[in-house]
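Presented below is the structure to which this report refers.
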Amino acid sequence: MPELPEVETIVRKLKSGEKDFPRIIGEEIKSVDILWERSLAFPSILEAKTTLMGKSVIDVSRRGKFIIIEMDQVYLLIHLRMSGDLLVLPPGKSIDIYHHRFILHFLSGKDLIFNDPRKFGRVWLVTNPDEVTSKLGPDPLNDNFSPELFHEMLLRKKRQLKPLLMDQTFLAGMGNIYTDEALYLAKLHPLRIASSLSMNESHALHHAIQTVLNEGIDRNGASIDWVYRGGDFQNHFKVYQRKGAPCQHCGIIIEKTIVGQRGTYYCPECQKI
DNA sequence: CCTGAAACCTGTCTGC
DNA sequence: TGCAGACAGGTTTCAG
């Protein structure tokens with residue numbers, strides 16, 4: 001389920017809490033369960049459990065699609081990949097452990113659960129988040145991500161726009177849905193070569209990226225199929241999963257193709273190459 | 001540097 | 001009803 005808006009939504013819930021999802025700031029760890037060993041990317045299970053015991057949560061933040069849980073002298077990083085999700089159970093509440101991979105039990109009785117049916121998600125325990133996130137490109141919602149910077153970044157790349165925008169070392173946070181939506185908003189074909197964009201086209205794409213991400217966050221992310229629930233953005237897609245439906249701008253039928261092994265939706269009239 | 005394919009996984013949906 | 005095959009919000013690795 002997770003692209004930047006879905007991850008941001010989860011981070012905000014972890015920090016502030018809401019009904020049936022209590023906050024975890026200040027919570028002290030009593031014990032750790034690791035139910036699928038490969039979910040822990042680093043370090044060893046023994047070392048992770050030993051280190052985490054007795055630590056308290058100081059803050060929760062996001063870098064690209066990584067969730068960063070700060071504790072004393074150590075950081076827990078979580079990447080949800082394709083099917084991961086986080087939930088926090090109030091004291092006394094339990095749930096079927098189907099697909100649970102990693103659990104932090106807090107002294108208060110709350111549980112932080114990493115649920116991940118497809119087992120692609122990963123957890124890291126490191127003393128410095130940079131050990132995991134240093135290769136990421138700029139965050140598209142960060143103040144330092146200016147239209148001018150973006151244009152310079154694009155000029156240096158002779159790559160197709162769609163795979164480039166999804167490359168986390170280029171830009172951190174875009175995934176398949178929001179990339180298609182942003183390219184549609186900017187009226188750019190997914191196969192356009194990045195270095196061929198004019199200043200106006202770069203700026204339009206910059207604006208489109210921030211617009212779709214902010215709308216996604218405002219709507220608490222997108223819920224699709226059986227994986228993620230809670231968000232509303234799926235009801236506002238302009239092209240994603242709208243193959244065969246008319247473009248809201250020109251009325252031409254939305255098409256689907258494959259780009260970089262990913263299903264790609266676009267309007268052949270509004271997004272000419 | 002860039003592209004495409006395969007691998008890592010389970011669940012759901014479609015079509016025969 | 002059953003079953004094979006396609007497909008799914010991501011990333012890494014490898015061949016060319």
Side-chain angles (χ1 to χ4, degrees), chain A residues 1-11 35-42 62-67 77-86 96-102 114-124 132-137 140 153-183 190-196 209 212-213 215-217 219-244 256-265:
Chain A
M1 114 276 159
E3 299 180 40
L4 189 153
E6 290 75 30
V7 174
E8 178 66 25
T9 299
I10 290 172
V11 166
L35 294 87
W36 180 253
E37 297 192 6
R38 298 187 62 180
S39 293
L40 181 65
F42 183 87
R62 175 186 64 74
R63 175 77 176 92
K65 299 174 190 171
F66 287 87
I67 294 160
L77 275 71
I78 302 168
H79 197 303
L80 303 171
R81 296 276 176 92
M82 288 288 262
S83 63
D85 196 9
L86 288 182
D96 191 337
I97 66 161
Y98 209 43
H99 295 147
H100 291 183
R101 310 302 183 195
F102 189 102
F114 171 49
N115 183 283
D116 184 25
R118 291 179 71 180
K119 301 176 178 172
F120 288 160
R122 290 292 180 270
V123 175
W124 294 258
V132 179
T133 62
S134 64
K135 288 178 180 166
L136 293 180
M153 289 166 60
L154 290 169
L155 286 183
R156 277 185 259 122
K157 297 291 183 183
K158 293 185 173 167
R159 293 179 62 183
Q160 301 164 341
L161 283 177
K162 164 111 185 194
L164 179 63
L165 294 179
M166 291 182 65
D167 182 340
Q168 303 299 298
T169 67
F170 179 75
L171 196 59
M174 298 291 283
N176 206 36
I177 293 177
Y178 293 90
T179 298
D180 280 5
E181 293 294 316
L183 287 171
L191 295 180
R192 269 291 293 278
I193 300 301
S195 60
S196 77
I209 287 169
V212 296
L213 291 177
E215 188 183 356
I217 292 171
R219 299 188 182 284
N220 297 317
S223 311
I224 297 182
D225 300 335
W226 46 280
V227 180
Y228 180 75
R229 286 168 293 282
D232 176 49
F233 189 55
Q234 70 281 3
N235 297 319
H236 302 270
F237 293 157
K238 299 282 200 296
V239 284
Y240 189 78
Q241 287 192 342
R242 293 197 68 244
K243 175 187 176 185
K256 181 186 182 185
T257 181
I258 303 291
V259 178
Q261 300 187 96
R262 307 304 297 273
T264 299
Y265 301 83

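Just so you know, these numbers come straight off a predicted model, no measurement behind them. The chains referred to below are lettered A, B, ... by the order of the sequence lines, with proteins before strands, and numbering in each begins at 1.
Between A/Phe102 and A/Trp36, the ring center distance fails the sub-6.0 Å criterion.
When distances run from any side-chain atom of A/Arg262 to the nucleotides B/dA5, B/dC2, C/dG10, the shortest one goes to C/dG10.
The separation between A/Lys256 atom NZ and C/dA8 atom C1' is 9 Å, rounded to whole Å. Atom pair A/Leu165:CG and B/dC2:C1' shows a separation of 15 Å (rounding to whole Å applied). What separates CD of A/Glu3 from C1' of C/dA8 is a distance of 12 Å, to the nearest Å. In this structure, A/Tyr178 atom OH and C/dA8 atom P are separated by 17 Å, rounded to whole Å. Protein atom CG of A/Leu164 is 13 Å distant from nucleotide atom P of B/dC1, rounded to whole Å. In this structure, A/Met82 places its CE atom 13 Å from C1' of B/dT12, rounding to the nearest Å. Spacing between atom CG of A/Leu80 and atom C1' of C/dG10 amounts to 10 Å, rounded to whole angstrom units. Atom CD of A/Gln241 is separated from atom P of B/dC13 by 12 Å (rounded to the nearest Å).
Within the structure, every side-chain polar atom (N or O) of A/Gln168 is placed at least 4.0 Å from both OP1 and OP2 of C/dG10. Under 4.0 angstrom from either OP1 or OP2 of B/dG11 there lies at least one side-chain N or O belonging to A/Tyr98. For C/dG10, the OP1/OP2 oxygens have a side-chain nitrogen or oxygen of A/Lys65 closer than 4.0 Å. For the OP1/OP2 pair of B/dG11 and a distance below 4.0 Å, the side-chain nitrogens and oxygens of A/His99 include at least one atom meeting the criterion. For the pair A/Arg122 and C/dT11, the criterion of a side-chain N or O lying under 4.0 Å from OP1 or OP2 is not met. Under 4.0 angstrom from either OP1 or OP2 of B/dC8 there lies no side-chain N or O belonging to A/Arg118. Put simply, A/Lys119 has a side-chain N or O that comes within less than 4.0 Å of OP1 or OP2 on B/dT10.
Using a 4.0 Å heavy-atom criterion, one finds that A/Tyr240 contacts the sugar-phosphate atoms exclusively. Among the heavy atoms of the strands lying under 4.0 Å from A/Arg38 are primed sugar atoms or P, OP1, OP2 only; no base atom is included. Within 4.0 Å of A/Gln160, counting heavy atoms only, lie sugar-phosphate atoms of the nucleic acid but no base atom.
Comparing C/dA6 with B/dA5, their P atoms are spaced 15 Å from each other, to the whole Å. Taking atom P on both nucleotides, C/dA4 is separated from B/dC9 by 22 Å, rounded to a whole Å. Going from the P atom of B/dA6 to that of C/dG5 covers 16 Å, rounded to whole Å.
A salt bridge does not link A/Asp180 with A/Lys238: every distance from a Lys NZ or Arg NE/NH1/NH2 to an Asp or Glu carboxylate oxygen is 4.0 Å or more.
Stacking is not found between A/Phe120 and the pyrimidine-like six-membered ring of the C/dT11 base under the 5.5 Å centre-distance and 30° plane-angle cut-offs.
More than 12 heavy atoms of other residues, nucleotides or ligands sit less than 6.0 Å from atom CG of A/Leu155.
In a base pair of the Watson-Crick type (N1 to N3 plus N6-O4 or O6-N4) or a G-U wobble (N1-O2 and O6-N3), with each distance short of 3.5 Å, B/dC1 is matched with no nucleotide. Across all strands shown, B/dC9 has no partner, as no Watson-Crick or G-U wobble contact with both distances under 3.5 Å is found.
Aromatic ring orientation, A/Phe233 versus A/His236: parallel (interplanar angle below 30°, classes split at 30° and 60°).
Inspection of the A/Tyr178 and A/Glu215 side chains reveals no N or O donor paired with an N or O acceptor under 3.5 Å.
Each of A/Lys158 and A/Gln261 has a nearest nucleotide on DNA chain B; the 5'-most of these lies closest to A/Lys158.
Taking OG1 of A/Thr264 as the start and NZ of A/Lys162 as the end, the distance is 3.0 Å to the nearest 0.5 Å.
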